[in-house]
Structure formats: structure tokens, C-alpha cells
Engineer: 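Shown below is the structure under consideration.
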Amino acid sequence: MITTVATSARSAVPNAVPFTLIEDQFVDMTFMTQYTGLTDKWFYKLIQEGKFPRPVKFGRSSRWLKSELEAWIQERIQDSRAA
């Protein structure tokens, strides 16, 4: 069985739950912008700076694991409340 751990570009999320790829979903940029309210340009800037996971390429299509997006959002929540 292939497993992956939800991680972000900066660090692993504490208490991250391992997901099997079959239980995870691949999402596109449209989903991510609708889910977060952030723009695609913002995400591509973060990717370029190494602050957001790079996409998985399927030919010309770019997809991200939903678990990685959720882990990245959880990190932003924890960082904003830690101050």
C-alpha cells in the first residue's frame, strides 16, 4: 500500500494523519481558489517561493493533494493564533 503524509512546503504538520492515496483527492487550482478565497496568482507566487507544495503534473494539468492543501491551511491557522 502506498501512503503519503500530509505536509506543507515549510514543515510537517504536527499530528498529521497519514492518508492512502486512494482516500485522498487531487484538486485543481479552481477548487483551491474557491475553497480558500485566494487567487491563483497568489498560489503560484507561494509555490515559486517554496511556501506551498508544488503541483503533481498529469500531462499539462496541475493537481494538488487535498490533504496537502488542508495541512497548509491548518498551518496558517496555527501560525496566526500562536502570536
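Note that the coordinates shown come from a computational prediction; the quantities given were computed from them, not determined experimentally. FYI, the numbering just counts along the sequence from 1.
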Engineer: In Å and rounded to the nearest 0.5 Å, what is the CG to CD distance from L46 to Q48?
Structural biologist: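 These two atoms lie 10.0 Å from each other.
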Engineer: When rounded to the nearest 0.5 angstrom, what is the spacing between CZ in F52 and CZ in R76?
Structural biologist: 9.0 Å
Engineer: Aromatic rings F26 and F58: how do their planes relate, parallel, tilted or perpendicular, breaks at 30° and 60°?
Structural biologist: perpendicular
Engineer: Please tell me whether S67 and D24 have a donor and an acceptor in their side chains that are separated by less than 3.5 angstrom.
Structural biologist: yes
Engineer: Once rounded to the nearest 0.5 Å, what's the spacing between atom CG of L69 and atom CZ of F31?
Structural biologist: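 Between atom CG of L69 and atom CZ of F31 there are 6.5 Å.
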Engineer: Quick one: NZ on K41 to OG1 on T33, what's the gap to the nearest 0.5 Å?
Structural biologist: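 If we round to the nearest 0.5 Å, K41:NZ and T33:OG1 are 12.0 Å apart.
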Engineer: With rounding to the nearest 0.5 angstrom, report the CD1 to CH2 distance, I47 to W42.
Structural biologist: 12.5 Å
Engineer: Can you say whether the rings of F43 and W72 are parallel (under 30°), tilted (30 to 60°) or perpendicular (over 60°)?
Structural biologist: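 Tilted.
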Engineer: Count the heavy atoms of every other residue, nucleotide or ligand shown that sit under 6.0 Å from CD of E49, and state whether that count exceeds 12.
Structural biologist: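 Enclosed: over 12 neighbouring heavy atoms sit under 6.0 Å from CD of E49.
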Engineer: Can you measure from CZ (R63) to CE (M32) and round to the nearest 0.5 angstrom?
Structural biologist: 10.5 Å
Engineer: Counting C-beta onward and ignoring hydrogens, is there a side-chain heavy-atom pair between Y35 and V27 closer than 4.5 Å?
Structural biologist: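 Y35 does not reach V27 side chain to side chain.
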Engineer: Could you pull out the closest heavy-atom pair between W64 and P53, with the gap in Å?
Structural biologist: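 Shortest heavy-atom contact: NE1-O, 3.0 Å.
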Engineer: Does atom NZ of K57 have more than 12 heavy-atom neighbours from other groups under 6.0 Å away?
Structural biologist: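 Yes, NZ of K57 has more than 12 neighbouring heavy atoms, counting only those of other groups under 6.0 Å.
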